[in-house]
There are 2 protein chains.
Amino acid sequence: MGGAQERTLRADAARNRARLLDVATEVFTTRGVGVPTEQIARAAGVGVGTLFRHFPTKEALLEAVMVRRLETMAAQTAQLAAEAGPTEAFFACFRLVVQQSSGKDEFTRALAAAGVDAHASLQEPTMEIQTRLTELLAGAQRAGAVRPDLGLPELIALLAGTGKALEQLGSDPAPRERIFKVVFDGLRPR
Amino acid sequence: MGGAQERTLRADAARNRARLLDVATEVFTTRGVGVPTEQIARAAGVGVGTLFRHFPTKEALLEAVMVRRLETMAAQTAQLAAEAGPTEAFFACFRLVVQQSSGKDEFTRALAAAGVDAHASLQEPTMEIQTRLTELLAGAQRAGAVRPDLGLPELIALLAGTGKALEQLGSDPAPRERIFKVVFDGLRPR
DNA sequence: GTGAAAACGGAGTCACCAGTCCGATTCTAG
DNA sequence: CTAGAATCGGACTGGTGACTCCGTTTTCAC
């Protein structure tokens, strides 16, 4: 699976493909994955035929969007991890992942529902992020900033949960910050 | 909206209605709200015609299920609140609501998506629960067991978030308990 | 027991949406 | 500039699922 089928897309094709990805990301995250494909094509200024030529399946489009989001997240996480001490890096990444993953699991659920496959291209970026998180968690625990009885599964669960909690709240920053306070406080040892 | 249209349903009709509600509750919570109505009718041992006579709309069925769940939750909450001191009652109710609300917001989202109405019959039990929660929160704060800067919105967000976190985890009780530890610890003052 | 009202069941209708097909259009090599 | 290949657009198809309609069955008052 090297991925050398990039037969130099024609200029307009490349433009349309990129535009579709952007629009799909926007629409799926704001209006949910149930939005008809035609509306996405319309919003991107192309016909449905074009959409299905680039992404043979709605599921494939979803997958492409997810992969991009995950890759971006992995890169940002890596950068944060390199820039700060273990404790700061851990909490900064926690915030980052929580923010980015808003609505993410609706995607994964939709993908899962569409069949057992789909994982292939998601596996890699997912693993990458999990590796980073494992390192960050271990680092923060070594530094005594996070209770030592937590593992990666609990961390992931807390990330998802915190994301959900923030969704419930409006955009007012004060209550949001209070949620972070509660969670971060709970993460500290004893 | 008095609610006096209970014209003494015929015996079989009452039985079928109850059965439909039970089956729908089970199916919606385990397999999601996307399950076709026909499968619910089938599982309840009736035809689709019967289902739609009792609940004129899929949305109406969803709403009826929700109302029952909320009412049960309100009752359990009230009982717990009466049985224990403020601190214990608060944390016990927190656990209860989290457990009960697994998958609940998929319902509300589906209802919201189906139109702006639907609220009518949900309003009352929702308010009831919120009132209880407000009292419990205030009680626990007065007792010094919960940080005083949290309000009802934050509590609700945390309940939803904790529920989501637990969903991520399997059924193994140990990690689940660790999540509760983190959240409860975070809820404590300073 | 009996007949009419109440309820049932499920085939049929209608709308919606993912995915296909092919004539029309646009790009690019020469 | 031009030919032909790559791409496009959107009408069309097939399948699915919510909801309706009506002939058949069940309940219940007498």
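What's counted below: heavy atoms across the whole structure, side chains too, no hydrogens, waters or symmetry copies.
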Separation of B:Leu51 atom CG from D:dC19 atom P, in whole Å? 10 Å

D:dG17 OP1/OP2 closer than 4.0 Å to side-chain N/O of B:Thr37: no

Shortest non-hydrogen contact from B:Pro189 toward B:Gly144: CG-O, 3.3 Å

If you take all heavy atoms of B:Leu51 and B:Thr37, which pair is closest and at what distance? CD1-O, 3.6 Å

Compute whether any side-chain donor of one residue and acceptor of the other, for A:Arg147 and A:Gln141, lie under 3.5 angstrom apart. no

Is A:His54 close enough to D:dT7 that one of its side-chain N or O atoms is under 4.0 Å from OP1 or OP2 there? no

Side-chain contact check for B:Val48: nearest option of D:dA6, D:dC19, D:dG9 is D:dC19

Are A:Arg188 and A:Asp185 ion-paired here, with the side-chain N under 4.0 Å from a carboxylate O? yes

Between D:dC19 atom P and B:Phe52 atom CZ, what is the distance in whole Å? 5 Å

Whole Å only: how far is the CG atom of B:Leu20 from the P atom of D:dA18? 14 Å

Rounded off to whole Å, could you give me the CG-to-P distance for the B:Asn16 and D:dT26 pair? 12 Å

In whole angstroms, how far is the C1' atom of D:dA5 from the CZ atom of A:Arg10? 8 Å

Ring pair (Phe, Tyr, Trp, His ring centres under 6.0 Å) for A:Phe94 and A:Phe184? Distances and angles first, verdict last. CA-CA 9 Å; A:Phe94 194 104; A:Phe184 286 177; 5.4 Å; yes

Closest non-hydrogen contact found for A:Glu154 with A:Leu150 is CB-CD2, 4.0 Å

Does anyone know the first and last nucleotide of DNA chain C in reach of chain B, 5' to 3', at under 4.0 angstrom to a heavy atom? C:dA5 to C:dA11

Would you mind telling me which residue lines up with the more 5' stretch of DNA chain D, B:Lys58 or B:Ala11, judged by nearest nucleotide? B:Lys58

I'd like to know if A:Arg132 pairs up with A:Glu128 as an ion pair, taking the criterion as any Lys NZ or Arg NE/NH1/NH2 lying under 4.0 Å from an Asp or Glu carboxylate oxygen. yes

Could you state the atom-to-atom distance from CD of A:Gln39 to P of D:dG9 in whole Å? 17 Å

Using a heavy-atom cut-off of 4.0 Å across all strands, would you classify A:Gly34 as base, sugar-phosphate, or nothing? nothing

D:dT26 C1' sits how many Å from B:Asp12 CG, rounded? 6 Å

CD1 of A:Ile40 versus P of D:dG9: gap in Å, rounded? 16 Å

